Amino acid sequence: MAKILMVKASYSNHYLTTAAILSPPNTAISASKAMSMCSSFCPRRPISFRAKPISCFPIKPKFWVHVKAFSSQDSTSPPKDEIPARIGFLGLGIMGSPMAQNLIKAGCDVTVWNRTKSKCDPLISLGATYKSSPEEVAASCDVTFAMLADPESAVDVACGKHGAANGMSSGKGYVDVSTVDGATSKLISTHIKSTGALFLEAPVSGSKKPAEDGQLIFLTAGDKSLYDTAGPLLDIMGKSRFYLGDVGNGAAMKLVVNMIMGSMMASFSEGLLLSEKVGLDPSVLVQVISQGAISAPMYSMKGPSMVQSLYPTAFPLKHQQKDLRLALGLAELVSQPTPIAAAANELYKVAKSRGLSDDDFSAVIEALKVKMEQRS
Ligand SMILES: NC(=O)C1=CN([C@@H]2O[C@H](COP(=O)(O)OP(=O)(O)OC[C@H]3O[C@@H](n4cnc5c(N)ncnc54)[C@H](OP(=O)(O)O)[C@@H]3O)[C@@H](O)[C@H]2O)C=CC1
Ligand SMILES: O=CCCC(=O)O
């Protein structure tokens, strides 16, 4: 049984319902692949599209094509004349680079800036325009995204000398997709909104691969009208989006999620090492976990390389420790006990002190190896 999906393609100046895409249930493909399939039905490349199941019936396999089905709390499309035409992207690290690439590949007019200019080059070769400061990017774009390391860099790029706020004005929007705390997000919001522009915080759940595949989850809060107009762009980069109300709520949701993730990884690390110490094969532990109630994609993805002491960076350990630190600050604000997260945070601090900041956060297991060696 296949699902038939109606595809609605969004162009910069009009919408067009173009094609029926057929998909077996429970399948997904990357946004860029779905885009290019959609293009074969369309006169021009769409900048985004939505797909929703309209009925189910058997289809001959040769006609099957798969499409990513977007989910969204609010499926209302913005008025056609409000879709942002010129998109800015500030911060082209592990996450920002593939996110900006997906916008370019989807046909968007993208202008980029990064502190280290060389990281702009691959995007320029894909068609992006380069500007030499966040201010210039914001001044030349309708909506500017920022994907920066931490609260300090997010504030600096938005509010500092030649920061984006200097280029903002009424009619523009700033979407900060960095992981920061609520107070930082509110500070940036105040600066941006004082120019007459709109602000949306939109941190993401999902790592390097989901960023490449356009499968991120956006946790947004702030100006609802910017959420609506930027929606088609979020749908290019992600698989779902949540609108959570006032600025600070997106940041808080992201920090809670990453607090849980950091503790899970620390606990998983303990389990792997304990299993090995008592003579079990940790690879078998990974398999056992993958079949039971505590199965999580993270364990299946990271476990095999952790067993080999390999930590190819998808989510840098220094950022996970930053998120635990910020989550503990959030808990402190409301007097919520978080002893597990506090213990996990200490472990990530040890890992940082061992020079593992730029390794993947799964390298936290090394901190436990050190502790055990010290004890024995
Ligand atoms: N990697 C992941 O799996 C995920 C990361 N995140 C969050 O996304 C954000 C970015 O993460 P990621 O891409 O992995 O990180 P990276 O470390 O790869 O990239 C960080 C970016 O911030 C820039 N930057 C750092 N300091 C400054 C500064 N002082 N002034 C200007 N720019 C600066 C870097 O520029 P330069 O190139 O010059 O160093 C780079 O563009 C973080 O907040 C992270 O917590 C969220 C979800 C998943
Ligand atoms: O902030 C990083 C999140 C990583 C993930 O969700 O896999």
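These figures come from a predicted structure and were not determined experimentally. Order of appearance sets the numbers: ligands from 1, and atoms from 1 within every ligand.
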Next item on the list: Run the numbers on Met261 and Gln320 for side chain to side chain contact (heavy atoms under 4.5 Å, CB included), then give the verdict.
Entry: CA-CA 9 Å; Met261 190 176 75; Gln320 174 63 84; 3.3 Å; yes
Notebook entry, point to check: Is the cationic atom of Lys224 (NZ for Lys, CZ for Arg) positioned less than 6.0 Å from the six-membered ring centroid of Tyr243 and within 45 degrees of its normal?
Noted result: yes
Check: For Lys369 and Ser309, does a side-chain donor sit closer than 3.5 Å to a side-chain acceptor?
Finding: yes
Note to self: Does only the side chain of Leu92 get under 4.0 Å from ligand 1, or the backbone, or both, or neither? Count heavy atoms.
What the structure shows: backbone
Check: Can you tell which part of Lys119 has a heavy atom less than 4.0 Å from ligand 1: side chain, backbone, both or neither?
Finding: side chain
Notebook entry, point to check: Any side-chain donor-acceptor pair under 3.5 Å between Gln215 and Lys239?
Noted result: no
Margin query: Looking at Ile340, I'd like to know if its CD1 atom is crowded, meaning that more than 12 non-hydrogen atoms belonging to other residues, nucleotides or ligands lie closer than 6.0 Å.
Written below: no
Notebook entry, point to check: Can you tell me which residue and heavy atom of the protein come closest to atom 16 (P) of ligand 1, and the distance to 0.1 Å?
Noted result: His319 NE2, 3.8 Å
Check: Is a donor on one side and an acceptor on the other found under 3.5 Å between the side chain of Asp150 and the backbone of Ser153?
Finding: yes
Margin query: Can you tell me if Lys193 has over 12 outside heavy atoms packed within less than 6.0 Å of its NZ?
Written below: yes
Next item on the list: Scan side-chain atoms only and decide if Asp228 and Ser225 contain a donor-acceptor pair under the 3.5 Å cut-off.
Entry: no
Notebook entry, point to check: Between Asp156, Val177, Thr313, Thr179, which one has a non-hydrogen atom sitting closest to atom 46 (C) of ligand 1?
Noted result: Thr179
Margin query: Among all the protein's non-hydrogen atoms, which is closest to atom 22 (O) of ligand 1, and how far away is it?
Written below: Ala149 N, 3.2 Å
Margin query: Give me the residue, atom name and distance of the protein heavy atom closest to atom 18 (O) of ligand 1.
Written below: Ile94 N, 2.9 Å
Check: Should the proximity of Gln320 to ligand 2, defined as any heavy atom under 4.0 Å, be assigned to the side chain, the backbone, both, or neither?
Finding: neither
Check: Do Arg325 and Tyr348 have a side chain donor and acceptor closer than 3.5 Å?
Finding: no
Checklist line | Val157: numbered ligand 1 atoms lying under 4.0 Å from its heavy atoms | finding: 31 (C)
Item checked: ligand 2 versus Lys254: contacting region, heavy-atom distance under 4.0 Å -> side chain
Next item on the list: Name the closest protein heavy atom to atom 6 (O) of ligand 2, giving the residue it belongs to and the distance to 0.1 Å.
Entry: Gly206 N, 2.9 Å
Next item on the list: Give a yes or no on whether a salt bridge exists between Lys172 and Asp142, defined as a side-chain N under 4.0 angstrom from a carboxylate O.
Entry: no
Checklist line | Nearest option to atom 36 (P) of ligand 1, as decided by whichever heavy atom of Asp360, Thr116, Val155 sits closest | finding: Thr116
Next item on the list: Compare Lys209, Arg115, Met99 and give the one whose heavy atom is closest to atom 30 (N) of ligand 1.
Entry: Arg115
Checklist line | Per-atom contacts, ligand 1 versus Met147 - under 4.0 Å to a heavy atom | finding: 8 (O), 9 (C), 10 (C), 21 (C)
Checklist line | Options Leu148, Val180, Asp176, Asp150, ranked by nearest heavy atom to atom 43 (O) of ligand 1, top entry | finding: Leu148
Margin query: With heavy-atom distances below 4.0 Å as the criterion, list the atoms of ligand 1 near Pro316.
Written below: 1 (N), 14 (O)
Next item on the list: Please work out whether any backbone atom (N, CA, C, O) or any side-chain heavy atom from C-beta onward of Asn258 is under 4.0 Å from ligand 2, and answer side chain, backbone, both or neither.
Entry: side chain
Notebook entry, point to check: Looking at ligand 1, does Gly206 have a heavy atom less than 4.0 Å from it?
Noted result: yes
Next item on the list: State the atoms of ligand 1, each with its element, that fall below the 4.0 Å cut-off from a heavy-atom position in Ser207.
Entry: 2 (C), 3 (O)
Check: Does any non-hydrogen side-chain atom of Asn258 lie less than 4.5 Å from one of Lys254?
Finding: yes
Notebook entry, point to check: Do Ser140 and Glu136 have a side chain donor and acceptor closer than 3.5 Å?
Noted result: no
Note to self: Need the ligand 1 atom indices (1-based, order shown) with element for anything under 4.0 Å from a heavy-atom of Ala314.
What the structure shows: 1 (N), 2 (C), 3 (O)
Notebook entry, point to check: Between the side chains of Asp181 and Thr184, does any donor sit under 3.5 Å from an acceptor?
Noted result: yes
Margin query: Closer than 4.0 Å to some heavy atom of Lys322 - which atoms of ligand 1 meet that?
Written below: 42 (C), 43 (O), 44 (C), 45 (O)
Margin query: Among all the protein's non-hydrogen atoms, which is closest to atom 13 (O) of ligand 1, and how far away is it?
Written below: Met95 N, 2.9 Å
Notebook entry, point to check: At what distance is the nearest protein heavy atom to atom 7 (O) of ligand 2, and which residue and atom is it?
Noted result: Ser207 CB, 3.6 Å
Notebook entry, point to check: Mind checking whether Tyr174 and Phe199 have parallel, tilted or perpendicular rings, split at 30° and 60°?
Noted result: parallel
Next item on the list: Considering the heavy atoms of Phe315, write down every atom of ligand 2 situated less than 4.0 Å from one of them.
Entry: 1 (O), 2 (C)
Notebook entry, point to check: Which atoms of ligand 1 are found less than 4.0 Å from any heavy atom of Gly91?
Noted result: 41 (O)
Check: Applying a 4.0 Å heavy-atom criterion (strictly less than), which segment of Asn114 is in contact with ligand 1: side chain, backbone, both, or neither?
Finding: side chain
Next item on the list: Check the pair Val204 / Met99 against side chain to side chain contact (heavy atoms under 4.5 Å, CB included), numbers first and verdict last.
Entry: CA-CA 11 Å; Val204 298; Met99 291 170 77; 4.3 Å; yes
Note to self: Taking a cutoff of less than 4.0 Å between a non-hydrogen atom of the residue and any ligand atom, is Met261 in contact with ligand 2?
What the structure shows: yes
Check: Given Gly96, Gly93, Ser205, which has its nearest heavy atom closest to atom 19 (O) of ligand 1?
Finding: Gly93
Margin query: Tell me whether the NZ or CZ atom of Lys117 lies within the 45° cone about the ring axis of Tyr130 and under 6.0 Å from its centre.
Written below: yes
